[in-house]
K.L.:
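My questions will all concern the structure given below.
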Amino acid sequence: MNSQHELSVAERLSAIDAAIADAARQAGRDAGDITRIVVTKFHPASLVQELYDLGVRDVGENRQQELSAKVDALRQAPAPGTEGLRWHFIGQAQTNKAAQIRRAAQAVHSIDRARIADAFDRAAADDGPLDVLLQVNLTDDPGRGGVAPKELEMLAEHVLALPTLRLRGLMAVAPLGEEPAAAFARVHDYASRLRAIAPDADWISAGMTGDFVEAIAAGATHLRIGTAITGPRPAQG
Ligand SMILES: *Cc1c(COP(=O)(O)O)cnc(C)c1O
């Protein structure tokens, strides 16, 4: 047995929420304007249930199969189950998986090309509009995912014309090897460009375990926090 006290999920969650409140105060912002999404990838559905029971209502997943499996597993749970839980898809999406993602998630953060936006629009069933965010690439490497900043407006116009998608804002991942504050300053700028053509698209999804304080300072409205709350991820399956 390790003599050190191992923190529980509940303890880590409240510590992170306190840190978020602190960072918001430092930035002169209302913590109530910030949504903390707990990224549960690689963890079992039982952890999502545990988080829900602790009051978490927003969770994030980055792979379609895992997302669908957890959503299905939790739908079996007895009442109150996970009523009101919102699933955010934060990984790279493939067009042939769009229908399954749309069936499982309430928001998709990773729209980075017209073709994937079209696929999500075509996948609409009787559900309401799907909340989507445009992922912006903060690196010079096109392989990293995300639309190149110079193509942001073009993609936004494309998405705005799709009837079953509701454009909510921007998502970005701070690149390795750059100060997150500098990267998020660019995101702040792209967000104003987006709002110039889509005034309601005011979500900024940015900030993870290592950089959520900087993201809050730069105006992030949605944080995607995994390991700081869930503990280390089990080995990737
Ligand atoms: C895994 C992941 C996160 C969470 O990362 P942590 O460092 O564990 O907080 C956030 N955003 C995306 C896109 C991810 O894939």
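Quick caveat, the model's predicted, so the values are computed rather than measured. The figures that follow rest on heavy atoms only: side chains count, while hydrogens, waters and symmetry mates do not.
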K.L.:
Among V48, L67, L74, which residue meets the side chain to side chain contact (heavy atoms under 4.5 Å, CB included) test with V59?
P.N.:
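Output: one option passes, namely V48.
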
K.L.:
Would you call R25 and D22 a salt bridge, taking side-chain N to carboxylate O under 4.0 Å as the test?
P.N.:
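D22 and R25: salt-bridged.
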
K.L.:
Compare all side-chain heavy atoms of L152 with those of R193 and state whether any distance is below 4.5 angstrom.
P.N.:
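Yes; the side chains approach each other to less than 4.5 Å.
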
K.L.:
To the nearest 0.5 Å, how far apart are OG1 in T221 and CZ in R168?
P.N.:
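Atom-to-atom, T221:OG1 and R168:CZ are 9.5 Å apart.
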
K.L.:
Do you know which two heavy atoms are closest between P175 and A183, and how far apart they sit?
P.N.:
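Scanning both residues, the minimum pair turns out to be CD-CB, 3.7 Å.
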
K.L.:
Is the backbone N or O of E50 less than 3.5 Å from a side-chain atom of D53, with the two atoms forming a donor-acceptor pair by type?
P.N.:
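Not confirmed, D53 side chain does not pair with E50 backbone.
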
K.L.:
So which atom in G226 and which in T209 form the shortest heavy-atom distance, rounded to 0.1 Å?
P.N.:
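Heavy atoms of G226 and T209 come nearest at N-OG1, 3.7 Å.
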
K.L.:
Would you find a donor on one side and an acceptor on the other, under 3.5 Å apart, between the side chain of S68 and the backbone of Q65?
P.N.:
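Side chain of S68 to backbone of Q65: no pair is present.
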
K.L.:
Identify the two heavy atoms, one from A220 and one from I34, that lie closest to each other, and give their separation to 0.1 Å.
P.N.:
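For A220 versus I34, the nearest heavy atoms are O-CG1, 3.9 Å.
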
K.L.:
With distance as the sole test, does T95 use its side chain to make a donor-acceptor pair with the main-chain N or O of A119 at under 3.5 Å?
P.N.:
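No; zero donor-acceptor contacts below 3.5 Å.
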
K.L.:
Between R195 (side chain only) and A201 (backbone N and O only), is there a donor and an acceptor less than 3.5 Å apart?
P.N.:
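No; zero donor-acceptor contacts below 3.5 Å.
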
K.L.:
If I take atom CD from residue E157 and atom CD from residue E151, how far apart are they, to the nearest 0.5 angstrom?
P.N.:
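Going from the CD atom of E157 to the CD atom of E151 covers 14.0 Å.
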
K.L.:
Test of understanding: clusters of I, L, V, M, F, W, Y form through side-chain heavy atoms closer than 4.5 Å, transitively. Do I101 and V132 belong to the same one?
P.N.:
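In one cluster: yes.
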
K.L.:
Looking only at heavy atoms, what is the nearest atom pair of I111 and A117, with distance?
P.N.:
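In terms of heavy atoms, the two residues are closest at CG2-CB, 4.0 Å.
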
K.L.:
Kindly compute the distance separating CG (L54) from CD (Q49), expressed to the nearest 0.5 Å.
P.N.:
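It is 10.5 Å, given to the nearest 0.5 Å.
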
K.L.:
Is it true that a side-chain atom of S110 and a backbone atom of Q92 form a donor plus acceptor pair closer than 3.5 Å?
P.N.:
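No.
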
K.L.:
Measure the spacing between CZ of R103 and CD of Q100 and express it to the nearest 0.5 Å.
P.N.:
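So the CZ of R103 and the CD of Q100 are separated by 6.0 Å.
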
K.L.:
Could you give the distance from CD (Q26) to CD1 (I216), rounded to the nearest 0.5 Å?
P.N.:
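One gets 10.5 Å once the value is rounded to the nearest 0.5 Å.
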
K.L.:
A side-chain contact here means heavy atoms from C-beta on lying under 4.5 Å apart; do L47 and T230 qualify?
P.N.:
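Sidechains of T230 and L47: in contact.
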
K.L.:
Does L223 share a hydrophobic cluster with V56, counting links as ILVMFWY side-chain heavy atoms below 4.5 Å and allowing steps through other members?
P.N.:
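Yes: a chain of side-chain contacts under 4.5 Å links L223 to V56.
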
K.L.:
Could you check whether any side-chain heavy atom of L138 comes within less than 4.5 Å of a side-chain heavy atom of R186, counting everything from C-beta outward?
P.N.:
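Touching, per the 4.5 Å side-chain cut-off.
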
K.L.:
Just wondering, more than 12 heavy atoms not from E11 lying within 6.0 Å of its CD?
P.N.:
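Yes, the 6.0 Å shell around CD holds more than 12 heavy atoms from other groups.
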
K.L.:
Would a 4.5 Å heavy-atom cut-off, applied to side chains only, mark S205 and L170 as touching?
P.N.:
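Result no, sub-4.5 Å side-chain heavy-atom pair not found.
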
K.L.:
Would you mind checking if D58 and R36 are paired as a salt bridge, meaning a charged N to carboxylate O distance below 4.0 Å?
P.N.:
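Salt bridge: no.
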
K.L.:
I'd like to check I20 versus I225 (side-chain heavy atoms, cut-off strictly below 4.5 Å). Are they in contact?
P.N.:
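They are in side-chain contact.
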
K.L.:
Do T139 and D141 meet the criterion of a side-chain donor-acceptor pair at a distance under 3.5 Å?
P.N.:
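Per modelled atom types, T139 and D141 side chains form no pair under 3.5 Å.
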
K.L.:
Could you tell me whether R224 and E61 make a salt bridge, using a distance below 4.0 angstrom between a side-chain N and a carboxylate O?
P.N.:
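Salt bridge flag = no for E61 with R224.
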
K.L.:
Taking R12 for the side chain and L7 for the main chain, is one N or O donor matched with an acceptor at less than 3.5 Å?
P.N.:
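Checking the backbone N and O of L7 against the side chain of R12, a donor-acceptor pair under 3.5 Å is found.
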
K.L.:
Do L51 and T40 touch side chain to side chain, with heavy atoms closer than 4.5 Å?
P.N.:
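Counting from C-beta outward, L51 and T40 do come under 4.5 Å.
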
K.L.:
Under 3.5 Å, is there a donor-acceptor pair between the side chain of R233 and the main chain of K41?
P.N.:
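No, the answer is negative, given that no donor and acceptor are paired below the 3.5 Å cut-off.
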
K.L.:
What heavy-atom pair brings G219 and I204 nearest, and what distance separates the two atoms?
P.N.:
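Heavy atoms only, the tightest pair is O-CD1, 3.7 Å.
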
K.L.:
Quick check: is V173 connected to V38 through a chain of hydrophobic side chains (ILVMFWY, heavy atoms under 4.5 Å apart)?
P.N.:
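As far as the 4.5 Å side-chain criterion goes, V173 and V38 are not connected within one cluster.
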
K.L.:
Distance-only, no hydrogens or angles: does the E66 side chain make a donor-acceptor pair with backbone N or O of F42 under 3.5 Å?
P.N.:
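Yes; at least one donor-acceptor contact below 3.5 Å.
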
K.L.:
Using side-chain heavy atoms (C-beta onward) and a distance below 4.5 Å, is Q106 in contact with D131?
P.N.:
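Contact flag for Q106/D131 side chains = no.
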
K.L.:
Measure the CG-CG distance between L194 and D200 for me, rounded to the nearest 0.5 Å.
P.N.:
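Answer rounded to 0.5 Å: 10.5 Å.
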
K.L.:
Looking at R144, I want to see if its CZ is surrounded by more than 12 non-hydrogen atoms of other residues, nucleotides or ligands under 6.0 Å.
P.N.:
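Counting neighbours around CZ of R144, 12 or fewer heavy atoms of other residues, nucleotides or ligands fall under 6.0 Å, so no.
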
K.L.:
Answer yes or no: are there more than 12 heavy-atom neighbours, outside D140 itself, under 6.0 Å from its atom CG?
P.N.:
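For D140, atom CG is not crowded (no more than 12 foreign heavy atoms under 6.0 Å).
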
K.L.:
I90 versus V39: any side-chain heavy-atom pair under 4.5 Å?
P.N.:
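A side-chain contact under 4.5 Å exists here.
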
K.L.:
Between H109 and W203, how do the two ring planes meet: parallel, tilted or perpendicular, split at 30° and 60°?
P.N.:
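Geometry flag for W203 against H109: tilted rings.
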
K.L.:
Before you tell me yes or no, could you show the steps for L134 and L167 under side chain to side chain contact (heavy atoms under 4.5 Å, CB included), namely the whole-Å CA-CA distance, both residues' side-chain angles and the distance that decides it to 0.1 Å?
P.N.:
CA-CA 8 Å; L134 307 184; L167 181 57; 3.7 Å; yes

K.L.:
I'd like to know if the side chain of H88 and the backbone of A107 have a donor-acceptor N/O pair within less than 3.5 Å.
P.N.:
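Not confirmed, H88 side chain does not pair with A107 backbone.
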
K.L.:
Checking R102 side chain against F120 main chain: does a donor-acceptor pair fall under 3.5 Å?
P.N.:
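The answer is yes, because a donor-acceptor pair under 3.5 Å joins these two groups.
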
K.L.:
What closest approach, in Å, do W87 and K70 show between heavy atoms, and which atom pair accounts for it?
P.N.:
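Minimum heavy-atom separation between W87 and K70: CH2-CB, 3.8 Å.
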
